[in-house]
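Everything on this sheet refers to the single structure shown next.
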Amino acid sequence: MWILLFVLLPSVYSLEMASQQCFSNGQFIITLESVDSNITYTDQIKIVIDGKEIGGDWDINFMKKDPPDRTRQYATFTSDDGVIFSEKEVIDITYPLELGQIKTVETVEKVLECPPFIFSCALLNMEIDECYTEGDTFKAFFYARGFEQSQDGKLDLNNNLVFNLFTREVYEDIYGKVTSRGSKPRGAIIEKVEGDKYLLTYKFPNENLVDRFRVGFANLDKCLRPEYEKYGLIVNDVNECGVRSHYEDIKTPVIEKQEEVSNSETEEIPESGVGENNNEENSLIPVIVLGLTIIGIILLFKFRKKILKPKK
C-alpha cells in the first residue's frame with residue numbers, strides 16, 4: 001500500500017507551466033495547468049525568483065482538472081511591477097502535494113524569457129532629505145528613487161520633476177511669475193549628488209528665506225492609475241526649511257574654545273586639590289574621635305578595677 005502511494009504521489013496535484021509572458025516594466029504573467037482532478041489552492045502556491053518570493057494576483061482561488069468543464073483547469077498569475085530585471089530569470093513554483101497521510105512539496109522550475117527592463121512605476125519614491133537658506137543661497141537635498149532605472153527609462157531633470165517654493169519675499173520662477181509661492185526659481189541648478197540623491201541650488205538676488213519646499217515627479221500620469229494604488233507610491237514630498245549659518249560647519253573655533261576651557265580648568269587644579277585635602281582631613285576626625293573614645297573606655301575600666309580590688 002505504501003509503495004503504491006509513493007508511486008501515485010507524483011501525479012497528485014501535479015501542475016505544469018502552460019504559458020508565460022514578460023514585459024519591460026519588470027512584470028510577468030504565467031498560466032499553470034492542473035493535470036489531474038484534485039484541487040490545488042492558489043494561495044498555497046509560492047513563486048520565487050532569486051530567493052525572493054514574488055507578490056501578485058491569481059485569477060481564481062483553486063485549480064482542478066474537471067472535463068468537460070475547463071474553467072478551473074488553468075490559473076493565471078500576474079506579478080507585481082518591477083520584480084524582474086534580467087532577460088532570463090529562473091522561476092521556482094512550489095506547491096503542496098498530498099495523498100492520504102503523505103505530504104510533500106513539489107517544485108516546477110522554468111526560465112522566464114523577458115525583454116530588456118526599461119521602467120516601472122512601482123519603483124518610484126520621493127523624499128526630501130533637508131532644505132535650508134544659507135546666506136543668500138537656498139539648497140534642497142532630495143531623493144528621487146526610481147529616477148534612473150535604465151538607460152532607456154531614465155527620467156529627465158527638467159520634464160519629470162516639479163518644484164514649489166514658499167518664501168518670505170517674492171522671487172521670479174521659471175514661468176516669469178514674481179511670487180512668494182511659485183515654481184522652480186529661474187536660474188536654479190539641479191544636479192545629482194550620489195545614487196538617487198539630488199540637489200537644487202538657487203542664489204537669491206535679494207535677501208530672502210524659504211519657509212517650505214515641495215518636490216514631486218511630473219508628467220507620469222500612467223503611474224497614477226488605480227492599479228498602482230497598492231504600491232503606496234510617494235510621488236511628492238513637502239518639508240519645512242530652516243536657516244543655516246556659514247559658521248555652523250566651521251569646527252576650528254569650537255575646538256579652540258574647548259582648549260581654552262581645558263587650560264583654565266588645569267590652572268585651577270591646585271585649588272581643587274586643596275579642597276580635596278581638607279575633605280580628607282575632615283574625614284579623619286570621626287576616626288580620631290572613635291579611637292580616643294575606645295582608649296578612654298579602656299582606662300576607665302582599669303581605673304575602676306583598681307579601686308574595687310580588695311586590700312590585703
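No donor-acceptor pair under 3.5 Å is formed between the side chain of N236 and the backbone N or O of V215. Between the side chain of T167 and the backbone N or O of E169 there is at least one donor-acceptor pair closer than 3.5 Å. Between the side chain of S79 and the main chain of Q27, no donor-acceptor pair closer than 3.5 Å is present. Checked by atom type and distance alone, the side chain of D152 never pairs as donor or acceptor with a backbone atom of I118 at under 3.5 Å. Between the side chain of Q149 and the backbone N or O of C121, no donor-acceptor pair lies under 3.5 Å. Between the side chain of R168 and the main chain of D211, no donor-acceptor pair closer than 3.5 Å is present. Of the possible polar contacts, one joining the Q20 side chain to the E113 backbone as a donor-acceptor pair under 3.5 Å is found. Using modelled atom types, one side-chain atom of S150 and one backbone atom of G153 make a donor-acceptor pair closer than 3.5 Å.
Within a 6.0 Å radius of CD in E194, other residues, nucleotides and ligands contribute 12 heavy atoms or fewer. In R186, the CZ atom is crowded: over 12 heavy atoms of neighbouring residues, nucleotides or ligands sit closer than 6.0 Å. Within a 6.0 Å sphere centred on OH of Y132, other residues, nucleotides and ligands contribute more than 12 heavy atoms. Within 6.0 Å of the CG atom in D59, the count of heavy atoms belonging to other residues, nucleotides or ligands exceeds 12. No more than 12 heavy atoms of other residues, nucleotides or ligands shown are found within 6.0 angstrom of NZ on K154. More than 12 heavy atoms of other residues, nucleotides or ligands lie within 6.0 Å of NZ in K230, so this atom counts as buried by the packing criterion.
For the residue pair E87 and P116, the shortest heavy atom distance occurs at OE2-CG, 3.7 Å. Here the closest non-hydrogen pair linking P115 and C22 is CD-O, 3.4 Å. Closest heavy-atom contact between D173 and G182: OD2-CA, 4.0 Å. When all heavy atoms of I174 and S183 are compared, the closest pair comes out as CG1-CB, 4.4 Å. Minimum heavy-atom separation, P96 to Q44: CG-OE1, 3.1 Å.
No side-chain heavy atom of N219 sits under 4.5 Å from any side-chain heavy atom of L155. A 4.5 Å side-chain heavy-atom check between W58 and L32 finds at least one atom pair inside the cut-off. Residues E148 and K192 form a side-chain contact, since some pair of their non-hydrogen atoms from C-beta on lies under 4.5 Å apart. Counting only heavy atoms from C-beta outward, the side chains of F138 and L165 approach each other to under 4.5 Å. Side-chain contact between V162 and R214: present, with at least one pair of heavy atoms (C-beta onward) separated by less than 4.5 Å. Between Y143 and D129 the shortest side-chain heavy-atom distance falls below 4.5 Å. Taking the side chain as every heavy atom from C-beta outward, L199 and F141 approach each other to under 4.5 Å. Between C114 and S86, the closest side-chain pair of non-hydrogen atoms is not below 4.5 Å.
By the criterion of side-chain heavy atoms lying less than 4.5 angstrom apart, applied directly or through intervening Ile, Leu, Val, Met, Phe, Trp or Tyr residues, V90 is not grouped with I45; the two fall into different hydrophobic clusters. Using a 4.5 Å cut-off between side-chain heavy atoms of Ile, Leu, Val, Met, Phe, Trp and Tyr, with links allowed through other members, V83 and I91 fall into the same hydrophobic cluster. At a threshold of 4.5 Å between side-chain heavy atoms, the hydrophobic network of Ile, Leu, Val, Met, Phe, Trp and Tyr places L157 and L124 in one connected group. Residues V235 and I190 share a single hydrophobic cluster, defined by chaining ILVMFWY side chains whose heavy atoms lie under 4.5 Å apart. Clustering ILVMFWY residues whenever any of their side-chain heavy atoms sit less than 4.5 angstrom apart, transitively, puts L15 in the very cluster that holds L112.
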- [ ] Check the pair Y202 / V210 against side chain to side chain contact (heavy atoms under 4.5 Å, CB included), numbers first and verdict last.
- [x] CA-CA 11 Å; Y202 177 66; V210 177; over 6 Å; no
Task: Chi angles and distances behind the side chain to side chain contact (heavy atoms under 4.5 Å, CB included) call for I60, Y74 - done: CA-CA 9 Å; I60 57 177; Y74 298 91; over 6 Å; no
Open item on the list: Using the rule given for side chain to side chain contact (heavy atoms under 4.5 Å, CB included), can you reason through V243 versus L209, listing the C-alpha separation, both sets of side-chain angles and the distance that settles it, and then say yes or no?
Closed with: CA-CA 8 Å; V243 179; L209 292 175; 3.7 Å; yes
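The CE atom of M17 lies 12.0 Å from the CD atom of E33; values are rounded to the nearest 0.5 Å. Taking CD of E240 as the reference point, atom CZ of F166 lies at 9.5 Å (rounded to 0.5 Å). Rounding to the nearest 0.5 Å places CZ of R72 at 4.0 Å from CZ of F62. If you take SG on C223 and CZ on F119, they are separated by 4.5 Å, rounding to the nearest 0.5 Å. Here L220 contributes atom CG and N159 contributes atom CG; the two are 10.5 Å apart, rounded to the nearest 0.5 Å. Taken to the nearest 0.5 Å, the CG atom of N125 stands 8.5 Å off from the CG atom of D237.
Using modelled atom types and a 3.5 Å distance limit, the side chains of D81 and N25 yield a donor-acceptor pair. Inspection of the T31 and T76 side chains reveals an N or O donor paired with an N or O acceptor under 3.5 Å.
Relative orientation of the F28 and F77 rings is tilted, given thresholds of 30° and 60° on the angle between their planes.
Using a cutoff of 4.0 Å between basic side-chain nitrogens and carboxylate oxygens, K177 and E172 are not scored as salt-bridged.
When F204, Y171, F163 are each tested for a side-chain contact (heavy atoms from CB on, under 4.5 Å) with P185, only one passes: Y171.
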